[in-house]
Amino acid sequence: MAKELFGKTNDGSEVYIYTLKNAAGMEARITNYGGILVSLMVPDRKGKFVDVVLGYDSLSQYVASSPYFGALVGRYGNRIGKARFKLAGHEYALAANDGPNTLHGGIKGFDKVVWSVKDVDSKEGNSLALTYLSKDGEEGFPGNLSVEVIYTLTDSNELKIDYKATTDKPTVVNLTHHSYFNLAGAGNGDILGHQLYIDADRLTPVDSTLIPTGELKGVKGTPMDFTKPTAIGARISENDQQLKYGIGYDFNWVLNKKDTELKLAARVEEATTGRVMEVYTTEPGLQFYSGNFLNGTNIGKGGKKYEHRFGFCLETQHFPDSPNKHSFPSTELDPGQTYKSTTIYRFSTR
Ligand code: GLA
């Protein structure tokens, strides 16, 4: 695995980029700053490779300001309402970094820390193992949380992400990956023409601050129904209260599945290039975010401007605000238990 210096963080830590390759010519470049997937080269139907994830050319740009481009997100991906939760008789106060709520682990989440790199042997392909010890009290969360994330690029054109964590006190964990994809190539226009299928009959509707109300609501007859492949842009401007709250799609779908089986959650197709991406996960939920906050201020790789909806995210996860919603699948992790989760982004063409 090739390793090159990417730069230094503000406190002087050296950060590297690691390159994973597979037999088909795919290439993933990952940095141990935030566990960020910096680039992902994927072939189209003619065998032409382009980079399908949004990001920056330099470490300093990631450090200065990034809307979670390609990052590992934790300790709690998505929102915790009113920046607090109760667990094992204690109330924990977190930083409110998204209106009244906590988003993506707080002010300095796992997307902004330097991860350690561990050697790993995998039969499935080139792998990179990243570890991080999140100290008891970091960002307000209880328990020393020891986290391991393994990225593997397989010869079947899959980017596989295996997450593991253990704790020494009861805590909550919800880890995810935040790549912004554009299957026509990063910076090559908006994603409104991509056809999206999500295997979910329900979603968790939200209030105006994007915190779930607690209901599971059927998607049938609404712009949230992606049970048949539909262009992302086809209904995004409809007069719908949820779409107004999200300024587009920014919701958690309840995947049609039992327990923690690894199952197809979503498929996206881009007709002009023929690129197809499938998402498989062991998680019960999927946040589909249509890049609503991109506005051209982020100058991406190769100097390309990322305008409104130039990328979409499919963040596999437990449901938002689960620590305060006891009817949702639990995100609690106790000492002696191991948190485990797997997500695969599989690429093909048609
Ligand atoms: C997630 C959130 C969005 C937004 C993006 C990053 O998808 O749900 O509201 O914060 O991350 O901008």
Side-chain angles (χ1 to χ4, degrees), residues 34-37 53-56 61-62 64-83 94-112 139 174-182 186 190-191 194 196 198 200 203-213 224 226 232 236 241-255 265-266 268 279 281 283 285-298 300 306-323 325 328 331 343 345:
I36 293 169
L37 175 65
V53 293
L54 276 54
Y56 295 125
Q61 288 171 288
Y62 282 106
S65 165
S66 168
Y68 307 93
F69 284 145
L72 293 178
V73 176
R75 171 180 312 200
Y76 196 95
N78 215 310
R79 290 172 179 77
I80 297 180
K82 306 233 161 52
L94 311 169
N97 62 332
D98 186 61
N101 307 320
T102 304
L103 176 67
H104 293 335
I107 293 166
K108 188 175 179 185
F110 293 1
D111 58 296
K112 296 180 188 71
E139 291 296 324
N174 192 26
L175 305 179
T176 192
H177 173 82
H178 207 297
S179 271
Y180 288 69
F181 296 96
N182 185 328
D190 68 48
I191 46 76
H194 286 52
L196 172 66
I198 304 178
L203 96 172
T204 51
V206 289
D207 67 15
S208 62
T209 73
L210 302 188
I211 293 296
T213 59
M224 315 306 165
F226 286 95
I232 291 174
I236 202 165
Q241 188 61 68
Q242 292 287 296
L243 285 173
K244 283 186 188 149
Y245 287 159
I247 321 174
Y249 293 104
D250 196 355
F251 312 111
N252 171 66
W253 273 256
V254 177
L255 296 171
V268 190
V279 183
T281 189
E283 287 295 313
L286 181 73
Q287 185 87 5
F288 161 46
Y289 168 58
S290 52
N292 311 314
F293 299 129
L294 297 175
N295 60 8
T297 53
N298 300 111
Y306 297 144
E307 305 283 359
H308 194 45
R309 298 182 178 146
F310 264 38
F312 66 89
C313 303
L314 291 173
E315 304 154 56
T316 55
Q317 60 180 10
H318 270 56
F319 307 166
D321 202 30
S322 295
K325 298 276 179 334
F328 287 176
T331 50
T343 291
Y345 296 95

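Atoms within each ligand, like the ligands themselves, are counted from 1 in listed order. Counting begins at 1 with the first residue of the sequence. Hydrogens, waters and symmetry mates are skipped; everything else that's a heavy atom, side chains included, is used.
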Nearest-neighbour protein heavy atom for [atom], which is reported as residue plus atom name and distance:
atom	result
atom 2 (C) of ligand 1	Asp250 OD1, 3.6 Å
atom 7 (O) of ligand 1	Glu315 OE2, 2.8 Å
atom 1 (C) of ligand 1	His104 NE2, 3.2 Å

Taking every non-hydrogen atom, the tightest pair across [X] and [Y]:
X	Y	result
Phe251	Leu243	CZ-N, 3.9 Å
Leu210	Asp250	CD1-OD2, 3.6 Å
Ala266	Leu196	CB-CD1, 4.5 Å

As an exercise, identify every atom of ligand 1 less than 4.0 angstrom from a heavy atom of [X].
X	answer
Tyr180	6 (C), 12 (O)
Leu103	10 (O)
Gln287	8 (O)

Practice problem: For residues Tyr180 and Phe310, establish whether the separation of their ring centroids is below 6.0 Å. | Solution: no
Quiz item: Is the distance between the ring centroids of Tyr249 and Phe312 less than 6.0 Å?
Solution: no
Quiz prompt | His178 N/O under 3.5 Å from ligand 1 N/O | solution = yes
Quiz item: Does Asn97 reach the main-chain N or O of Leu103 with its side chain, forming a donor-acceptor pair under 3.5 Å?
Solution: yes
